[in-house]
Amino acid sequence: KSVNYYDLVTGKWEQDWIGSDGGAQRYLDGEYKDSVMHFTYETTNPQGKKVTGNFKFYNIGPNTVRQCQDVHNDDGTVTDSYDLTYERKKQ
């Protein structure tokens with residue numbers, strides 16, 4: 001589950017996410033621009049090392065959203081973690 005909210009003090013969007021396994025992540029500095037909601041994140045991997053990256057929602061249409069996340073690697077490269085498309089369930 002996730003909760004998205006706008007912080008009036010910072011003028012940025014934030015998201016708190018909790019996974020089915022109990023893992024949690026906070027995404028910060030969210031901005032909606034050009035039909036994309038963009039967040040940055042910082043977390044720690046199982047080895048205790050800091051990990052940073054980007055998390056994005058693309059507004060494809062009234063019933064479709066694309067969600068993807070990447071990770072910034074030590075060597076300066078960026079790796080895609082996932083790239084998903086969601087469509088609203090037809091009633």
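- Counting heavy atoms from C-beta outward, Glu14 and Arg26 have side chains that approach closer than 4.5 Å.
- Leu8 and Met37 fall within the same hydrophobic cluster, defined by Ile, Leu, Val, Met, Phe, Trp and Tyr side-chain heavy atoms under 4.5 Å apart, directly or through other members.
- One distance of note links OG1 of Thr43 with NZ of Lys50; it measures 11.5 Å at 0.5 Å rounding.
- Note that CG of Asp16 and OH of Tyr5 are 3.5 Å apart. Values are rounded to the nearest 0.5 Å.
- Lys12 is listed as a side-chain neighbour of Glu31, based on a closest heavy-atom distance under 4.5 Å.
- At least one side-chain heavy atom of Thr40 sits under 4.5 Å from a side-chain heavy atom of His38.
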Stepwise side chain to side chain contact (heavy atoms under 4.5 Å, CB included) test for Val65 and Ile60: CA-CA 5 Å; Val65 173; Ile60 305 301; 5.9 Å; no
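- For the pair Thr52 and Glu42, the minimum side-chain heavy-atom distance is below 4.5 Å.
- Side-chain atoms of Tyr41 and Gln25, non-hydrogen and from C-beta on, do get closer than 4.5 Å to each other.
- Pairs of residues two or more places apart, or lying in two chains, that qualify as ring pair (Phe, Tyr, Trp, His ring centres under 6.0 Å) and include a residue from residues 57-91 are Phe55-Phe57.
- Atoms CG and OG1, on Asp70 and Thr79 in that order, are 8.5 Å from each other to the nearest 0.5 Å.
- Side chain of Asp75 to main chain of Thr77: a donor-acceptor pair is present (N/O by atom type, distance under 3.5 Å, no hydrogens or angles).
- A 4.5 Å side-chain heavy-atom check between Trp13 and Gln15 finds every atom pair outside the cut-off.
- Heavy-atom contacts from other residues, nucleotides or ligands closer than 6.0 Å to CD1 of Ile18 number 12 or fewer.
- Using modelled atom types, no side-chain atom of Asp34 and backbone atom of Val36 make a donor-acceptor pair closer than 3.5 Å.
- Within the 4.5 Å cutoff, side-chain heavy atoms of Arg66 are placed close to those of Asp83.
- Contact annotation: the side chain of Val51 approaches that of Val71 to within less than 4.5 Å [non-hydrogen atoms, C-beta and beyond].
- At distances below 3.5 Å, at least one donor-acceptor pair connects side-chain atoms of Asp7 with backbone N or O atoms of Thr10.
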